[in-house]
Undergrad: 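Supplied in structure tokens, the structure appears directly below.
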Amino acid sequence: MRHIIKLTLKEVVNKRIIHLGIILTLIYILVYGTGLYYTAKDMVFEGENFLWGQQIGYQLLTMGWYVSIFMVGAIAVVTGASSISQEIENGTILGLASSPIRRRDILLGKFIAYSMVTSLYSIVMIAVIISLNVYFFHLMIDPLDAAAGVLIYTLLPITILAFTILCSAMLSTMTAGISSFMFFLVTVIGGFVEQIGALISNASLVNIGIISSLLMPTDAVYRLALARATGTMGHSSIVNFGPFGTASSPSTLMFVYTLVYIAVLLRLAVYYFERKDL
Amino acid sequence: MLKTESLSKRYDKQTACKDICLSIKEGQVFGLLGPNGAGKSTLVKMLIGLVRPSSGQANIMGRAAGSLEIRHKIGYLPEMFRFYDWLTGGELLRFFAQVYRLPAHQEKLAIQEVLELVGLQGREKDKIKNYSKGMQQRLGLARAVLHQPALVFLDEPTSALDPLGRRDVRDAIKRLQQKGTTIFLNSHLLGEVEMTCSHLGFIKKGQLIAAGPVEDFISKEQDIIVEVKNFDNKLLIRWNKEGRSVRVNEHLLHLNAVNREEVPLIIREITEAGGMIYRVESRSRGLEEVFVDLIENDGAVLK
Ligand SMILES: Nc1ncnc2c1ncn2[C@@H]1O[C@H](COP(=O)(O)OP(=O)(O)O)[C@@H](O)[C@H]1O
Ligand SMILES: [Mg+2]
């Protein structure tokens with residue numbers, strides 16, 4: 001497994017699509033940072049304006065973070081979708097699977113390597129987004145809370161990866177990629193619907209959100225991470241507002257569910273891969 | 001070394017291998033011959049554990065084929081060897097040296113040895129994407145034997161190669177054989193196996209229709225030409241009556257499809273009838289004819 005992790009990390013570094021993703025992310029950060037700069041430029045953050053600044057900062061933070069979901073999702077799907085199926089399509093799997101490496105270790109090794117890379121990507125991205133807001137809006141965020149939130153957020157790419165790798169073990173690269181990304185989008189929209197439902201107290205909307213969160217707990221992970229990062233702040237009614245916020249707060253049960261979800265999907269992926277004729 | 005019992009593989013629509021019973025002993029170079037789509041690759045993949053058999057059993061060195069410990073002891077060159085092309089040839093071999101747990105101090109030497117075996121020395125620092133197809137295939141061969149496996153499976157090792165590359169691979173196989181490696185070679189090229197194999201199997205539509213030592217296929221029947229003076233034509237008439245294919249051309253006597261065991265008898269008959277033999281030339285009936293016969297008539301002549 002160690003060998004596969006090392007090899008996969010090397011592979012990621014060599015993947016052109018990853019380079020492209022990083023460049024797009026840098027552009028996004030640049031645009032986002034510029035936006036923050038011009039918003040904050042003429043604002044005063046002292047005295048009675050303090051809370052006002054906190055609220056603007058919080059809104060911009062959640063917005064920036066929310067957009068990152070899609071970028072993290074895209075990166076996770078792109079790396080995960082080709083993990084198994086493309087190796088089968090190219091025939092490179094014959095070299096690996098005929099050697100004394102267990103198929104389980106091939107799959108899990110790739111999963112771990114991709115998880116490391118996409119987690120690092122999410123951590124850096126969110127850390128930058130939080131720091132920018134702290135810098136421009138003097139956002140009062142406890143660094144420890146922020147760190148905890150960012151760490152929880154790594155569950156997002158890991159969850160998407162588990163799902164996509166399962167698809168990759170069962171389907172062709174193309175089908176795995178497209179279906180995983182569509183599925184991911186649906187569940188994110190489901191979470192959005194849930195927040196709207198919570199704001200207007202509509203039970204059916206909330207239920208749609210809960211069901212989609214069970215199918216793939218992407219949105220729940222995001223809300224959980226955001227709620228944790230903004231700590232006490234996120235729960236105060238002054239700033240806690242809007243569809244990107246945490247009006248309907250996820251429970252720790254959801255956190256446990258996410259871990260179980262990842263484990264079950266991986267187990268299934270290994271099951272399929274081990275039975276596959278190469 | 002290797003033994004299969006009624007090994008079968010059915011895909012949804014077709015049967016790729018049917019009731020294959022095969023046995024290969026240590027040190028043999030076994031060539032499995034058959035047209036494209038006969039089931040050669042599928043059989044090898046079942047023996048390595050890449051494809052799950054639908055039924056039947058396969059054992060290698062007394063253990064279940066495809067198990068982890070057996071995979072340590074065998075080598076495999078796929079029909080089309082492909083690996084991450086952003087690696088260099090040397091990196092690829094180092095990766096597999098670690099996977100096969102070669103001791104660190106042996107790694108360098110082992111890699112040099114196999115690079116030399118396949119004629120790739122000096123190219124190990126090039127990225128695989130800059131290798132030709134033939135070079136990739138030879139790199140695959142190097143990988144297959146890097147850990148000095150006792151048994152190597154080579155699936156059409158030369159189909160991607162030019163004539164020179166083919167000769168290199170044939171030489172490599174010979175050298176492996178001299179080291180005592182048992183070799184399982186898939187091919188649809190007759191000349192290939194004729195030159196390298198000690199044993200042969202013929203597969204058609206997933207069924208193994210014949211298997212045995214090469215001599216069994218080549219020399220059972222041969223054509224002989226005898227340069228003879230004072231040939232007694234009575235013999236000719238008798239042989240014709242017996243249904244032997246024979247004709248005389250001045251001093252040359254052509255006899256076709258003669259069983260190896262009959263050759264000394266024929267020569268004695270000629271001399272006893274007063275013929276003077278100057279030269280006997282025997283031409284093995286080419287494998288090609290046997291192959292065509294096996295594949296088209298299910299080996300009716302051989303049987
Ligand atoms: N994965 C697969 N799914 C369905 N049919 C297959 C598969 N692999 C091989 N076959 C079929 O099995 C038969 C044997 O194929 P193969 O073992 O590749 O033959 P060979 O190596 O002798 O050319 C062919 O008819 C082929 O179409
Ligand atoms: Mg084949």
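When reading the values below, keep in mind they use all heavy atoms of this one structure, side chains included, and skip hydrogens, waters and symmetry mates. Convention: sequence-line order gives letters A, B, ...; per-chain numbering from 1.
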Undergrad: Could you state the interatomic distance from CG (A:Leu7) to CD (B:Glu91), rounded to the nearest 0.5 Å?
TA: 9.5 Å

Undergrad: Looking at every non-hydrogen atom in both residues, tell me the closest pair between A:Ser98 and B:Arg143 and how far apart they are.
TA: OG-NH2, 3.4 Å

Undergrad: Counting only heavy atoms from other residues, nucleotides and ligands, does the tally under 6.0 Å from CD of B:Glu26 exceed 12?
TA: no

Undergrad: Measure A:Glu11 against the heavy atoms of chain B and call it side chain, backbone, both or neither at under 4.5 Å.
TA: both

Undergrad: Side chain from CB out, backbone as N, CA, C, O: work out which of these in A:Lys6 comes under 4.5 Å of a heavy atom of chain B, or both, or neither.
TA: side chain

Undergrad: Kindly give the heavy-atom pair with the smallest separation between A:Arg103 and B:Leu50, and that separation in Å.
TA: NH2-O, 3.1 Å

Undergrad: When only pairs under 4.5 Å are counted, which of B:Leu77, B:Leu92, B:Asp85, B:Val51 shares the most heavy-atom pairs with chain A?
TA: B:Val51

Undergrad: When you compare the side chain of B:Trp86 with that of A:Lys10, does any pair of heavy atoms fall below 4.5 Å?
TA: yes

Undergrad: For A:Glu274, is it the side chain, the backbone, both, or neither that has a heavy atom closer than 4.5 Å to a heavy atom of chain B?
TA: backbone

Undergrad: Given a strict heavy-atom distance threshold of 4.5 Å, which part of A:Arg2 is in contact with chain B: side chain, backbone, both, or neither?
TA: neither

Undergrad: So B:Glu69 and A:Pro100, do their side chains get closer than 4.5 Å, heavy atoms only?
TA: no

Undergrad: Measure the CG-CD1 distance between A:Leu94 and B:Ile48 for me, rounded to the nearest 0.5 Å.
TA: 9.0 Å

Undergrad: Ignoring hydrogens, what is the shortest heavy-atom contact between A:Lys110 and B:Tyr84? Give both atom names and the distance.
TA: NZ-OH, 3.9 Å

Undergrad: Considering non-hydrogen atoms only, spot the tightest contact between A:Ser99 and B:Phe96 and give its length.
TA: CB-CE2, 4.0 Å

Undergrad: For the CG atom of A:Asn14 and the CG atom of B:Leu87, what is their distance to the nearest 0.5 Å?
TA: 8.0 Å

Undergrad: Is A:Asn90 in contact with chain B via its backbone, its side chain, both, or neither, using a 4.5 Å heavy-atom distance?
TA: backbone

Undergrad: Is the shortest side-chain N to carboxylate O distance from B:Lys45 to A:Asp277 below 4.0 Å?
TA: no

Undergrad: Taking all heavy atoms of A:Thr92 and all of B:Phe83, pick out the closest pair and write down the distance.
TA: CG2-CA, 3.5 Å

